[in-house]
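In what follows, a single structure is set out as structure tokens and then discussed.
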Amino acid sequence: MRQELTLTGHALPFAWFMERALYDPEAGYYEQSPRVVGRKGDFYTSVSVGPLLGELLGFQFAHWLAELPGPEILLIEAGAHQGHLAADLLEFLERYAPKEATRIRLCLVEPSPRRRTWQEETLARWRPQIDWFTSLAELRARHPNRPGILYANELLDAFPVHRVAWNRSHQHWQELGVGLKDNAFVWQPLSTPSLEAVPGLEQLQQLPVELLAVLPDGFCTELAPAATSWWREAAQSLDAGWLVTLDYGLEAEEFLLPQRAEGTLRSYSRHRPGGSPLQGPGTQDLTAHIHWTELQREAESVGWITEHLTRQRHWLTDLMSRTLKSPTRFPNWDAARVRQFQTLTHPEHLGQAFRVLVQRRDAR
Ligand SMILES: C[S@@+](CC[C@H](N)C(=O)[O-])C[C@H]1O[C@@H](n2cnc3c(N)ncnc32)[C@H](O)[C@@H]1O
């Protein structure tokens, strides 16, 4: 990265830095070990809490699968990492919705050959039922115009973001890039912004003048065109069905609250906030809150209807109460399940910051 910056001779967008820090095939953070995610890793997700998330999703998916027509239904996951969520789901469906389980073709979208091998290992038992794709485009080419369910947990917060700061004296948003000083990575304003045609920037530039008048100099936020366009592509990859994403994120106006003046970009290492995002690329996780309003809008613009955009705890609590009314279609709520449920829904654990977006499109 240092060599690339030296050769270029000027700062580059932060999205360039984040892409390499997380996904460089050799040195990228997500290429290092499957165990960066999980209780013993740098951070844990709703999947590392235990199989309950997969079971609750499986309970919901069984109902949706029954509504979708055709002998084979696509179940698509992206960002599966080690494949545990898919394994929890398939195991649940096999036991509690066996008829629907036989109609599933599991499609894992995974650009990294290394992560694919981790997934192959975890999911070895279901191998004949699974296809891997390096991109959504490849999936669409193989399975055009199909109904299905696409789901992702904590995928889009790991997509590269651009960072912009409000320049009060010039009354415009300035993109912050990454440059080199004394061989260390430093923030540097970009003289040629890389973001001219990005819808998110247009919206920031068109904020009401009353709001811009009080926005402090240097107020930072992120733009995530890669996540937004990925979600639009996801919406175009299924003819009908459901799109579900669980993650931490904010709606448009929440990004501009005073407590967000530093933006939402964060680094994590060993369950704790890490150092500067520019420190030690490849050694710490980098993440930014996802922009729910934009995701919602993207899928709606290609014909999807938003069924829910709500806190994870509300959605999962509703699912849990439905499982209690169908006790033969869900495992016993034993102590271990109840503990996992509390972790997934308690506001001090994963229940507050995490939300879920559920969108639906009926067959045309
Ligand atoms: C924060 S981890 C979440 C892992 C897992 N879903 C979980 O909840 O434990 C994000 C994962 O998304 C993967 N990822 C990032 N960009 C991706 C893309 N374009 N397609 C598929 N996976 C991607 C990363 O490699 C990483 O495995």
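Read the numbers this way: they start at 1 and go in the same order the structure lists the ligands and their atoms. Side chains are part of it too, since the values below use all heavy atoms of this structure and drop only hydrogens, waters and symmetry mates.
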Glu300: salt bridge (Lys or Arg N to Asp or Glu O under 4.0 Å) partners, not counting sequence neighbours: none
Is Arg115 touching ligand 1 with its side chain, its backbone, both, or neither, if touching means heavy atoms under 4.0 Å apart? side chain
Indicate the ring-plane relationship of His349 and His346, choosing parallel, tilted or perpendicular according to the 30° and 60° boundaries. perpendicular
Would you mind telling me if ligand 1 is within reach of the side chain of Val109, the backbone, both or neither, using heavy atoms under 4.0 Å? backbone
Sole candidate of Arg361, Gln60, Arg360, Gln359 that passes side chain to side chain contact (heavy atoms under 4.5 Å, CB included) when paired with Trp242: Arg360
Within 4.0 Å of some non-hydrogen atom of Thr45, the atoms of ligand 1 are 7 (C), 8 (O), 9 (O)
One finds that the ligand 1 atoms under 4.0 Å from a non-hydrogen atom of Glu154 are 1 (C), 2 (S), 3 (C), 10 (C)
Report yes if Asn153 has an N/O atom closer than 3.5 Å to an N/O atom of ligand 1; otherwise report no. yes
Selection from Ala80, Pro111, Ser112 by shortest heavy-atom distance to atom 20 (N) of ligand 1: Pro111
Kindly write out the residues that satisfy salt bridge (Lys or Arg N to Asp or Glu O under 4.0 Å) with Arg266, not counting sequence neighbours, or none if the list is empty. none
State the atoms of ligand 1, each with its element, that fall below the 4.0 Å cut-off from a heavy-atom position in Gly79. 4 (C), 5 (C), 6 (N), 11 (C), 12 (O), 13 (C), 21 (C), 22 (N)
Going by the angle between their ring planes, with limits at 30° and 60°, are Phe133 and His143 parallel, tilted or perpendicular? perpendicular
Considering the heavy atoms of Val47, write down every atom of ligand 1 situated less than 4.0 Å from one of them. 7 (C), 8 (O), 9 (O)
